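Only a predicted model underlies this, so the values are computations on that prediction, with no experimental measurement involved.
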Amino acid sequence: MASGDVWILGITMTKFGKRPETDTVGLAAEATRGALKDAGVSMRDVGVLAAGNLMGGGALGQQLQKQVGQTGIPVYNVANACATGATALRTAIMAIKAGEVDMGLAVGVEKLSGAGLLGVRGPRAQSDTWQPEGRQGAIMGLDGRVNTDNMPGTFAQIGMEYGHKYGGVSFELFARISEKNHGHSTLNPLAAYNKAMSKEQIMSDVMIAYPNTRPMCSANCDGAAAAVVVSDEKLKTLSDDQRKRAIRVAASVLTTDPYEVGCQVLPNVNTLTKNAAKQAYETAGVSPEDLDLVELHDCFATAELVHYDNLMLCDEGNAVDFFESGAPHRDGRLPVNVSGGLQSKGHPIAATGIANIWEICHHLRGEAGDRQIQGAKVGLAHVIGLGSACGVHILEKAAA
Amino acid sequence: MASGDVWILGITMTKFGKRPETDTVGLAAEATRGALKDAGVSMRDVGVLAAGNLMGGGALGQQLQKQVGQTGIPVYNVANACATGATALRTAIMAIKAGEVDMGLAVGVEKLSGAGLLGVRGPRAQSDTWQPEGRQGAIMGLDGRVNTDNMPGTFAQIGMEYGHKYGGVSFELFARISEKNHGHSTLNPLAAYNKAMSKEQIMSDVMIAYPNTRPMCSANCDGAAAAVVVSDEKLKTLSDDQRKRAIRVAASVLTTDPYEVGCQVLPNVNTLTKNAAKQAYETAGVSPEDLDLVELHDCFATAELVHYDNLMLCDEGNAVDFFESGAPHRDGRLPVNVSGGLQSKGHPIAATGIANIWEICHHLRGEAGDRQIQGAKVGLAHVIGLGSACGVHILEKAAA
Amino acid sequence: MTQTAPSRIPLVDYLVLDPEPHLVAQECTNCGARYFDHRDACAGCFEDEFSPVDVPPTGEVTAFTIVSYAPPGVDAPFVGAIVDCGGTPVRANLRDVEPTPEQVTLGMKVALTTYSLGTDSAGTEAIGFGFAPA
Amino acid sequence: MTQTAPSRIPLVDYLVLDPEPHLVAQECTNCGARYFDHRDACAGCFEDEFSPVDVPPTGEVTAFTIVSYAPPGVDAPFVGAIVDCGGTPVRANLRDVEPTPEQVTLGMKVALTTYSLGTDSAGTEAIGFGFAPA
Ligand SMILES: [Zn+2]
Ligand SMILES: [Zn+2]
């Protein structure tokens, strides 16, 4: 253990899917109590709480405390779109690195069942005469009139842009990426959907935004995830069993998108992911070849493709070849999204950035059951929130 | 300069009040560019951005970057009710303390003009038959039926509770606290209101929630504030003028309310403030007697009273005597809210936690003009968000 | 044809109407903390076992406000208060008292009271609660 | 009585209708970055001086999607695309082309076109824009 390291001591994700029996705070409480139990500690041991929940109004942390333990610790309610969970984790890690606390808790939760397409809003109230509004002097809603605000359409274009630049993409290719992830989900009991789907089924399903059909879109669902992180020094004082199951955070990186031509026209999810990955590999001292598995942000099938490249799992421009080689299948050279990914595991927004880390930890601990990637020692979790924010974490199995 | 210290290098608040000519991002941009200019640096120097805006949906940081500079740095969008601005500042400070960056930017902004009473919601949609909902199985809205959810009424009870415990409070006493702050505001050109008001005017104004009349309530308005913070090491590399104007963050503390009997029935804003103050005094190595001025969270006149006690400006239970002694007047022993406070300066929620620090810095730098507290060397800024979160910062003039 | 008694439903589920109206708190079996909502765990000691306990129906006003503006459907001004019922603080409105600072005072003794909040289409009467001068 | 020509208003203020419809970007005078909104400062170089520049009315599709579900008042399916107009990427819909993957292709050449979005109670016609196959 290098001094200054931060470790994941306990981590949990709830069952993703429809959870009508509980509310947002209840889901967060379930994940929190699960993570504390997994860590073998109590709220009394925790020095800081970072919490994320996009749909709830920015007070989750304190609402959660009222249900699971009010100990007076600082709370950071954070938001970074789909990278909110990763941001919460980063915040808790930062508090440890700052020497303010030796143990922190990060929680992300969302209740989304039945939320429909995110990013689609109704038109503004009709005025009797046209009135230019906002920074573009728009006289009516621009969604659907000047391109689309919806996520499936936005990420569709991001995938097509990659195809325009490097070639080789097709509707069928994207459907096969989705087929892979739905296949993986059959081994994940906590996924919202566990149904294998053939490429043909996927292609003939409801078209949402070409080339993304419904099963190629992330599944809106309810869910929560939570993690307990500790300092190196604190970990040394804990039990053998706690130390054996602890997972080292070899890198924890958060980036936003730097200015580039066109980045305010179509969101550029590539450069900030490349920057985050580069920083993470350098910090962790590992290269993409060292990775045993990757959970990346496949909010749409079209997104997964570009992130093979952005995370440097392949040479620049070679994402299609990488997929065609079979590498990202669970029995391939570098399994990607063995959890089923956002398309089948589900995407309760603020929970996702911790749930993907849970998946990696689960394998590094050798606790992933039927879907265990044998001998996994190093994994990478990636998440991206439009706007944009990118979180990359590299995780390593404890040496001893 | 002790090693490991963090300094405020630049800080700005915009004019508070009605700002229809610009949008939320525009206000935040004005404060940001002002703080950068005040610091003598550019976005290129900034390594982290923490941003707060309660009414806007949790993406202010990235929206702001798109207007003032996209450099790819990590962004933390944070929320902690009325303590949001202080939380943003704390987050930037924490990133520096963690050794991740040497310069950070914190921004808070709100557009609230015409927002009316916060905390008052309409009833839920009427169902044909009673349907118990939520964690109390309520069949209709509880606001107004089981006490009040509105802020003036909540803080009214907090002041009355103090009176029940220690005696000495009256409608007139609370009105005189408000009279003091409105008087102070006449010297603050950036305040939303600059009008002195007599105790009689205040008492005969519209009653909102006894004993708080309208001028005893914080003024909803538009405004933004931003601060640039730097590490000790980085500061040493900057110019003489930058170093002379830098203000040392002697303590930066964030707390939440620990469990106590009744704290889930009426919010307890006392214990978490006492805890934050105690931690801050210890960290800074100063005592309340060392303070030259205090900006505390007078969201209502009834709140100011209890915080004299919570911040230990007086002995326990002696807040009324402290006020009666004249101490918190600008010519008194320990001036409180010489800016005019939230009641007259205004309370654009997420901006408040940085704007009160701007006020302190302004005096410590000797730049407060007509309202300068002569020779000010140490000041304390306090903010509280219901839910709850409390931020306390102690600030010190540079030695040289 | 027999007549059924009109059914009643409390405003909140911690108001129990029979045999006499009273409030019921969830008490932590470990530390004794009392709550009025559905719980995940105890905010004081983190344990998760609770048992229902009756709250005394009389108490003392420890804080109050007189609110001038109410949400739609609620009469204003109304008095919001915290009532200490034998050590258990309760959040409620005061009723059957003029909403003025002359009539409402800190330390006043009050007792639980209930009232009708109207009847739904199925004929069920909603029952609210408050505290009135004792 | 003289007749006034019916007045027109563009969907967004970066669409200029006369003499010929064209898009106008705000170009940073320091670094040349181009934007389509009211600016506080440049996201690329942080300077805050901008001058309007005309964007070429023709370009090439570099990305597209065919969206099946539209907000109320908008016809679906529609084609959203990014059009590279001589180095300036523009966000728009494609028009006058069947919204199918057979008809819309990456790299296709397109030209700016305008259309009516309706008339308000004062008789002002709203004008939208898109790109059509060139
Ligand atoms: Zn307990
Ligand atoms: Zn520029």
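For the atom pair B:Gln157 CD and C:Leu106 CG, the distance stands at 10.5 Å (nearest 0.5 Å). Rounded to the nearest 0.5 Å, atoms CD1 (C:Ile66) and CE (B:Met207) are 7.5 Å apart. One distance of note links CD of C:Glu125 with CH2 of B:Trp130; it measures 9.5 Å at 0.5 Å rounding.
Heavy atoms from other residues, nucleotides or ligands lying under 6.0 Å from NZ of B:Lys274 number more than 12. For B:Tyr193, the OH atom counts as loosely surrounded, since its 6.0 Å shell holds 12 or fewer non-hydrogen atoms of other residues, nucleotides or ligands. Counting non-hydrogen atoms of other residues, nucleotides and ligands closer than 6.0 Å to CD of B:Glu324 gives a total above 12.
With a 4.5 Å cut-off on non-hydrogen atoms, C:Phe129 touches chain B through its backbone and its side chain both. Interface remark: C:Pro10 contributes backbone atoms only to the contact with chain B (heavy atom separation under 4.5 Å). Only the backbone of C:Val90 comes within less than 4.5 Å of a heavy atom in chain B; its side chain stays farther off. Within the 4.5 angstrom heavy-atom criterion, only backbone atoms of C:Thr119 (N, CA, C, O) approach chain B. Residue C:Val61 touches chain B through its backbone alone, counting heavy-atom pairs closer than 4.5 Å. Heavy atoms of C:Leu117 lying under 4.5 Å from chain B belong to its backbone as well as its side chain. Contact annotation for C:Arg95: neither backbone nor side-chain heavy atoms come within less than 4.5 Å of a heavy atom of chain B. Contact of C:Gln26 with chain B is not made at all, since no heavy-atom distance falls under 4.5 Å. Looking at C:Ala122, the atoms closer than 4.5 Å to chain B (heavy atoms on both sides) sit in the backbone and in the side chain alike. In this structure, the portion of C:Tyr115 lying under 4.5 Å from any heavy atom of chain B is its side chain and not its backbone. For C:Phe36, the parts lying near chain B are the backbone and the side chain together; criterion is any non-hydrogen pair under 4.5 Å.
Residues C:Thr100 and B:Tyr210 are not in side-chain contact: their nearest non-hydrogen atoms beyond the backbone lie 4.5 Å or more apart. Considering only heavy atoms from C-beta on, B:Pro132 comes within 4.5 Å of C:Ile9 through its side chain. Annotation: side chain of B:Val265 is not in contact with side chain of C:Thr88 (no heavy-atom distance under 4.5 Å). The closest side-chain heavy-atom distance from C:Ile82 to B:Glu161 is not below 4.5 Å. No side-chain heavy atom of C:Pro89 sits under 4.5 Å from any side-chain heavy atom of B:Leu266. With a 4.5 Å cut-off on side-chain heavy atoms, B:Asp128 and C:Asp120 do not count as touching. Proximity of C:Asp40 to B:Arg135: side-chain heavy atoms (C-beta onward) are separated by under 4.5 Å at one or more points.
When C:Asp75, C:Val74, C:Thr62 are compared by the number of non-hydrogen pairs under 4.5 Å with chain B, C:Thr62 comes out ahead. In terms of non-hydrogen atom pairs under 4.5 Å with chain B, the most contact-rich of C:Cys42, C:Gly80, C:Gly87 is C:Gly80.
Among all heavy-atom pairs drawn from B:Gly144 and C:Asn93, the shortest one is O-ND2, 2.7 Å. The shortest non-hydrogen separation linking B:Ile139 to C:Ala126 is CD1-CB, 3.4 Å. Contact record, C:Thr65 with B:Gly153: CG2-O, 3.5 Å, taken as the closest heavy-atom pair. Shown here for C:Ala81 and B:Asn147, the closest heavy-atom pair between the two residues is O-ND2, 3.0 Å.
None of B:Ile208, B:Asn150, B:Thr148 except one satisfies the side chain to side chain contact (heavy atoms under 4.5 Å, CB included) rule with C:Tyr69; the exception is B:Ile208.
Of the possible donor and acceptor atoms, none in the side chain of C:Arg91 sits under 3.5 Å from a partner among the backbone N and O of B:Gln264.
Between C:Phe46 and B:Tyr259, the distance separating the two ring centers is not shorter than 6.0 angstrom.
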